[in-house]
2 protein chains.
Amino acid sequence: MDTPTASLLARSSTRSPAWDPRWDALFGLPRLSEAERQALALLLRSRAVAVGESVFRRGQASLQLVAVLEGAVGLGVATQGQAFHLERNIHGPAWLDISSAWAGGMFVQDAQALQTATVLELPLDGLRQLLGRCPDLCERMMCALAHAVQSLTGTTHDLMAKDAQKRLATWLLSRRSEASGGDVALKERKRELAAQLAITPETLSRLLRSLMSAGLIEVKGYSIKLLNLGALQSLAHD
Amino acid sequence: MDTPTASLLARSSTRSPAWDPRWDALFGLPRLSEAERQALALLLRSRAVAVGESVFRRGQASLQLVAVLEGAVGLGVATQGQAFHLERNIHGPAWLDISSAWAGGMFVQDAQALQTATVLELPLDGLRQLLGRCPDLCERMMCALAHAVQSLTGTTHDLMAKDAQKRLATWLLSRRSEASGGDVALKERKRELAAQLAITPETLSRLLRSLMSAGLIEVKGYSIKLLNLGALQSLAHD
DNA sequence: CGAACCCTTGATACGCTTCAACAAGAGTGG
DNA sequence: CCACTCTTGTTGAAGCGTATCAAGGGTTCG
């Protein structure tokens, strides 16, 4: 069911290709030129991934950039046995791994589909040639990598300096600003959110309850209403 | 006292410029071509920074890439007051910030000299034009950014999945492999190492003692001898 | 010599995890 | 329809890991 839109993005349809806003999530604004879009479309391959299936494994050779077009993929490491320690949720459309192919050519994490997902792969050797011809594209990739660095820097800072409550407040506020509205709809299981915050599901449950009884939020299943933004911000702010 | 070598790197001396190995730390191997080196030398500016002095501040406009040539600079955030929460030590030669200029143009961290340092700045507008002409340099920058992503990914993983003892063991082993030898010489104060491991100096002291009484290491002031690599590796390994 | 650091050591407190039990849906098959 | 199981989230009690606070020792330096 995802394939029609996926293939729309993958191959440039012959006439009047409706602009797919998912390009923007990957390459930023302003929009790619039509020439750039078509050149990329010639390179990339997309594939569907079923729930629980592996997208790539740690140690595997990484010869392409990987993005999630639709669905959700979890990044983490598979510890001994089959347990999978989830560390990060990537919700399409977004880059899943732009760094491994450039640096060393080996994945350092495992990726596993949390929902049925459409994954896009962009071979590095083709991309490299394309970048040589398109300085504009080159700069976009640079920016994408830089944003990844900034995002990870923020994550590291939060882990080092904030306790679980602060991290939760930070996360709630960052999700609110994405879809501007009074409340946040969870797109993931609570245990996945907990993993992303580096806490246990039990602690997350307790934190949500404590924030709720403090009157800062209102939790109803997978929908959280933020009642007191100011208080949340002062909580989140170091 | 650092200035002669710094200026050697900054301006291309007219004849037989001895290759400065510090370029390799920034741009990787294989070596830059002479043309690339000279083009970069025309762009960059270097400056000396005294101990405790700020290199850049959070929120400031970031229009250039920043590297540490010599000395050490700490990355972190200045909390209210004058306290400085250290998060990362950058020991020259190494990049200090390659992402801020590309992404948003604003520093997200503070940087403060921990030792007398020589700092190198590479304005982005000039670099951008240079990258348009040199695909090779462009790829090097891409790799540098990608390595930053990988390094931060590793840090994040360690913070999420390992306890303090595991992080310390990981750090000891990673430092050993840099300068191949039986023992590790600390280039920083122990409190700075503690900050980098996201623990307090007290906990670091206790951990070192416990590893020492377990016979895994031998601590003598600022020099740590690794006595049992296998045991350390099994500790560090998730 | 005292002052300022840095590191260490001990006692205590707190945050979070772990383990175990339980409740509430969702899917399944009789 | 019911009983059954599987999954997910919740709640409580106990325990571990690390922070915090306070005190003391070793250097270096004026």
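Just so we're on the same page: letters track the sequence lines, and every chain starts at 1.
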### Query
At under 4.0 Å, does any side-chain N or O of B/Thr203 touch on OP1 or OP2 of D/dT18?
no
### Query
Which atoms form the tightest heavy-atom contact between A/Trp171 and A/Gln196, and what is the distance?
NE1-NE2, 4.0 Å
### Summary
Closest to the side chain of B/Arg191, out of C/dT8, C/dC6, D/dT18, is C/dC6
### Task
Quick one: label A/Ala198 by what it contacts on the DNA or RNA (base, sugar-phosphate, nothing), any heavy atom closer than 4.0 Å.
sugar-phosphate
### Message
Distance criterion of 3.5 Å, no angle test: do you see the side chain of A/Gln165 paired donor-to-acceptor with the base of C/dC16?
### Response
no
### Task
Have a look at A/Leu204 and say if it touches a base, only the backbone sugar-phosphate, or nothing, with a 4.0 Å heavy-atom cut-off.
nothing
#### Entry: Side-chain-base donor-acceptor pair under 3.5 Å for B/Glu202 and D/dC21
yes
### From CA spacing to verdict: side chain to side chain contact (heavy atoms under 4.5 Å, CB included), B/His157, A/His85
CA-CA 10 Å; B/His157 167 69; A/His85 198 162; 5.8 Å; no
### Message
Looking at A/Arg206 and C/dG15, is any side-chain donor or acceptor paired with a base atom of the opposite kind under 3.5 Å?
### Response
no
### Task
Report yes if a side-chain nitrogen or oxygen of B/Tyr222 is closer than 4.0 Å to either non-bridging phosphate oxygen (OP1 or OP2) of C/dC7; otherwise report no.
yes
### Query
Considering only side-chain heavy atoms of A/Ser205, which listed nucleotide, D/dT10, C/dT9, D/dG9, is closest?
D/dT10
### Message
For a 4.5 angstrom cut-off between non-hydrogen side-chain atoms, does A/Lys220 reach A/Glu218?
### Response
yes
### Task
Using only side-chain N and O atoms of B/Arg209, determine if any of them is under 4.0 Å from OP1 or OP2 of C/dT8.
no
